[in-house]
Amino acid sequence: MNGSAGGAQAPQSAPRSAADAAQPQTPPKLIVVISVDQFSANLFAEYRPYFSSGFARLMQGAVFPSGYQSHAATETCPGHSTILTGDHPSRTGIIANTWYDLNAKRADKRIYCAEDESVSGSNSDHYTVSDRHLLVPTLGERMKDADPRTRVVSVAGKDRAAVMMGGHKVDQLWWWDGRKFTSYAGREVPPAVVRANKAVAAQIAHSEPPLALPPVCQARDRAVPVGSDGFTVGTGRFARKAGDYDAFRRSPEADASVLALAAALVQDMKLGQGPVTDILSVGASATDYVGHAYGTQGSEMCLQLLSLDRDLGQFFRVLDATGVDYVVALTADHGGNDLPERERMHAIPDAARSDPALAAKAMGARIAADLGLSGQPIYGGAPGDFWIDPTLSKKQHDAVLAEAVKLYSAHPQVAAVFTRAQIEATPAPKGPPESWSLIERAKDSFYAPRSGDFVVALKEWVTAISDPGPGKVATHGSFWNYDRRVPILFWRKGMNGFEQPLAVETVDIAPTLAALIHFPLTPGAVDGRCLDLDASAASSCPD
């Protein structure tokens with residue numbers, strides 16, 4: 001890694017068989033949950049043969065290659081809200097990265113998922129980070145409520161990742177704000193963070209030469225023209241000028257610094273060495289920044305994932321050196337889709353950029369003209385929720401809704417449009433998430449006090465970036481499985497590994513970990529279910 005890393009336990013039960021004897025029987029002393037932002041199941045499958053360090057270790061444990069962020073709003077904040085709560089966004093209340101509250105008492109009606117919009121003078125771009133919008137507890141919160149001696153620590157490259165996995169009751173919560181690791185106002189800065197910020201500042205002050213391309217990355221080193229500005233992606237090697245913080249954030253250096261800080265906090269706080277189990281969540285965000293800036297299939301993503309594999313390996317070696325019995329769960333907040341220009345080169349002829357006419361401002365202007373209205377009648381964006389101006393009369397509201405549904409439904413890039421009434425009338429989805437209909441996926445993202453008046457689903461392979469530019473060529477957020485499917489991996493020293501190819505969900509992670517530490521969850525307390533991590537006839541889940 002780059003940078004400077006500066007409930008009571010249950011008695012061991014007798015093994016039931018020789019096979020059981022190899023499986024850990026006591027609860028781990030430290031839970032480590034890692035989210036790799038935009039690490040799709042497709043990327044995991046593509047790079048599995050080339051991982052040799054951290055990911056390779058995890059692949060010796062329990063491997064669920066077909067995990068699901070089952071909902072429609074496949075964005076960072078909703079995805080992170082599922083991982084340690086065990087609940088879908090319909091229950092966490094985190095329906096998107098941002099939503100509109102047209103009755104908010106400020107000029108900016110757009111609400112960021114991890115802000116406190118009541119702070120005077122704030123807006124959705126310049127906000128005070130807060131956990132107020134997360135409606136349910138995380139596993140760490142539940143553990144701390146049961147025994148206050150539990151330490152809950154959350155570190156991430158994004159504030160929303162740290163907040164949504166850490167929850168409301170954290171001992172340490174730190175995120176990279178673009179210039180340094182920071183936390184809520186008034187919190188004392190521990191020595192590990194002081195060292196990390198000093199090390200990263202020194203690192204960024206010096207330029208970074210291009211990374212060497214291993215053979216597997218050389219095969220992906222091909223320039224792809226994007227947009228009308230004549231720039232290309234696909235051949236980058238993360239060379240960085242001194243002082244370029246933006247380039248640092250969208251490079252392997254960023255994840256290395258997050259993992260280094262997490263390792264330092266483990267060492268300084270002696271996590272896992274207290275009387276009860278502690279929990280650490282780590283949000284590795286650089287893969288998402290790389291995916292947005294360069295897409296998923298070029299030399300940039302190849303270098304990013306191989307570097308992350310190395311840095312995870314170093315992180316695990318630091319944990320090993322503590323002598324603590326720890327369990328790791330690794331997943332992603334969502335998947336991702338490559339840029340359409342390269343997808344068309346890779347035999348996906350339907351890949352396209354979204355029509356600018358689908359934007360709320362453009363479509364709103366058309367609706368207003370058709371209905372003789374003034375102002376902006378709709379807010380939001382496709383794919384996702386749209387809100388209708390609440391100052392309109394009911395007759396006008398209904399007319400806007402009908403016209404919006406008609407116009408969006410008729411557009412050749414739109415797969416479906418669902419109204420609030422249709423979603424509310426739809427039962428909560430059940431069964432394997434890959435079988436859910438589009439409206440069931442929308443239902444899983446629906447929380448009535450925040451969700452919109454209608455939802456638009458773009459067709460598969462339509463990228464919701466009409467006008468690409470440097471740093472923004474590809475994205476996620478769709479209803480489709482390339483954005484929904486993510487790997488879920490569990491590892492613990494001594495566990496017998498196996499692979500299970502059937503669909504599971506990220507909401508299953510929290511109850512699975514709760515079972516490992518013998519922490520009881522009442523039936524219905526969370527949406528997820530316990531996954532049996534014991535490869536023998538025994539089960540790691542409660543009876």
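Below, all heavy atoms of this structure are taken into account, side chains as well, without hydrogens, waters or symmetry copies.
Taking the side chain as every heavy atom from C-beta outward, Gln172 and Ser183 never approach each other to under 4.5 Å. In this structure, the side chains of Thr331 and Ile83 come closer than 4.5 Å at one or more pairs of heavy atoms. A heavy-atom distance below 4.5 Å is found between the side chains of Pro429 and Lys443. Looking at Gln60 and Leu489, their side chains never come closer than 4.5 Å, going by heavy atoms from C-beta outward. By the 4.5 Å heavy-atom criterion applied to side chains, Thr92 and His88 are not counted as neighbours. Between Ile279 and Leu139, some side-chain heavy-atom pair lies under the 4.5 Å cut-off. Val170 is not listed as a side-chain neighbour of Glu141, based on a closest heavy-atom distance of 4.5 Å or more. Between Gln38 and Val290, every side-chain heavy-atom pair lies at or beyond the 4.5 Å cut-off.
A salt bridge links Glu115 and Arg106; the closest N-O separation between the charged side-chain nitrogens and carboxylate oxygens is under 4.0 Å. Taking the charged nitrogens against the carboxylate oxygens, Arg48 and Asp309 have no contact shorter than 4.0 Å, which rules out a salt bridge. Classification of Asp171 and Arg151 as a salt-bridged pair fails, no side-chain N sitting under 4.0 Å from a carboxylate O. With respect to Asp37 and Lys158, a salt bridge is recorded, a charged nitrogen being found less than 4.0 Å from a carboxylate O. For the pair Arg250 and Asp288, the salt-bridge criterion is not met [side-chain N within less than 4.0 Å of a carboxylate O].
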*side chain to side chain contact (heavy atoms under 4.5 Å, CB included) evaluation trace for Thr506 with Ile488*: CA-CA 7 Å; Thr506 54; Ile488 300 176; 4.2 Å; yes
*Pair Phe181-Trp176, ring pair (Phe, Tyr, Trp, His ring centres under 6.0 Å): steps then yes or no*: CA-CA 4 Å; Phe181 287 105; Trp176 180 254; 5.2 Å; yes
_side-chain hydrogen bond (donor to acceptor under 3.5 Å, both in side chains) evaluation trace for Asp444 with Ser70_ = CA-CA 7 Å; Asp444 203 43; Ser70 304; 5.0 Å; no
*asked:* Does Tyr408 form a side chain to side chain contact (heavy atoms under 4.5 Å, CB included) with Val455? I'd like the steps, not just the answer.
replied: CA-CA 10 Å; Tyr408 275 109; Val455 176; over 6 Å; no
*Trace of the side chain to side chain contact (heavy atoms under 4.5 Å, CB included) decision for Val324 with Leu271*: CA-CA 8 Å; Val324 168; Leu271 294 181; over 6 Å; no
*Hey, mind stepping through Arg110 and Asp108 against salt bridge (charged side-chain N to carboxylate O under 4.0 Å, His left out) and telling me if it holds?*
CA-CA 6 Å; Arg110 189 165 169 260; Asp108 179 15; 5.8 Å; no
*Given the rule in the side chain to side chain contact (heavy atoms under 4.5 Å, CB included) test, do Asp101 and Arg450 qualify, once you have shown the distances and angles that lead to the verdict?*
CA-CA 7 Å; Asp101 179 357; Arg450 295 174 185 165; over 6 Å; no
*Show your working on ring pair (Phe, Tyr, Trp, His ring centres under 6.0 Å) between His334 and His476 and close with a plain yes or no.*
CA-CA 8 Å; His334 53 73; His476 49 85; 3.5 Å; yes
*Stepwise side-chain hydrogen bond (donor to acceptor under 3.5 Å, both in side chains) test for Thr85 and Thr138*: CA-CA 4 Å; Thr85 65; Thr138 61; over 6 Å; no
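Judged by distance alone, the side chains of Gln69 and Asp483 never bring a donor and an acceptor atom under 3.5 Å apart. Side-chain contact check for Ser154 and Ser281: at least one donor-acceptor pair (N or O, by modelled atom type) lies under 3.5 Å. A donor atom on one side chain and an acceptor atom on the other are found under 3.5 Å apart for His80 and Ser35.
In terms of heavy-atom proximity, Ala464 sits nearest to Pro383 at CB-CD, 3.4 Å. Of all heavy-atom pairs between Arg132 and Ser118, the closest is NH1-OG, 3.4 Å. Between Pro433 and Glu505 the shortest heavy-atom distance is CG-CG, 3.9 Å. Closest heavy-atom contact between Pro390 and Asn103: CG-OD1, 3.9 Å. The two atoms that bring Tyr289 and Gly157 nearest to each other are OH-O, 4.4 Å, heavy atoms only. In terms of heavy atoms, Val486 sits closest to Gly335 at CG1-N, 3.9 Å.
Here Leu280 contributes atom CG and Ile31 contributes atom CD1; the two are 10.5 Å apart, rounded to the nearest 0.5 Å. The line from CG of Asn481 to OG of Ser40 is 11.5 Å long, rounded to the nearest 0.5 Å. For the atom pair CG (Leu312) and CZ (Arg317), the distance works out to 10.5 Å, reported to the nearest 0.5 Å. The line from CD1 of Ile95 to OG of Ser90 is 11.0 Å long, rounded to the nearest 0.5 Å. Leu531 CG to Leu516 CG: the interatomic distance, rounded to the nearest 0.5 Å, is 10.0 Å. Interatomic distance, CG of Asp177 versus CG of Asp159, reported as 9.0 Å (0.5 Å rounding).
Here the side chain of Ser257 pairs a donor or acceptor atom with the backbone of Ala254 at under 3.5 angstrom. In this structure, Arg420 contributes its side chain and Gly452 its backbone to a donor-acceptor pair below 3.5 Å. Checking side-chain atoms of Asp278 against main-chain N and O of Thr150 turns up no donor-acceptor pair under 3.5 Å. Judged purely by atom type and a 3.5 angstrom limit, Arg160 has no side-chain atom pairing as donor or acceptor with the backbone of Asn97. One N or O on the side chain of Lys29 and one on the backbone of Gly274 form a donor-acceptor pair closer than 3.5 Å. Of the possible polar contacts, one joining the Thr82 side chain to the Gly79 backbone as a donor-acceptor pair under 3.5 Å is found. With Ser539 contributing its side chain and Cys541 its backbone, the two residues share a donor-acceptor pair below 3.5 Å.
Under a cutoff of 6.0 Å and an axis angle of 45°, Lys459 and Phe479 do not form a cation-pi pair.
Here the rule is ring pair (Phe, Tyr, Trp, His ring centres under 6.0 Å) with Phe55, and of Phe44, Phe39, Trp491 only Phe39 fits it. Each of Phe386, Tyr100, Trp387 was scored for a ring pair (Phe, Tyr, Trp, His ring centres under 6.0 Å) with Tyr379, with one residue passing: Tyr100. With His133 as the fixed residue, the ring pair (Phe, Tyr, Trp, His ring centres under 6.0 Å) test singles out one of Tyr447, Tyr127, Tyr112, Trp99: Trp99.
Around the NZ atom of Lys169, the shell of radius 6.0 Å holds no more than 12 heavy atoms that belong to other residues, nucleotides or ligands.
Taking the centre of each ring, Tyr482 and Trp461 come in below the 6.0 Å mark. Phe498 has its ring centre no less than 6.0 Å from the ring centre of Phe490.
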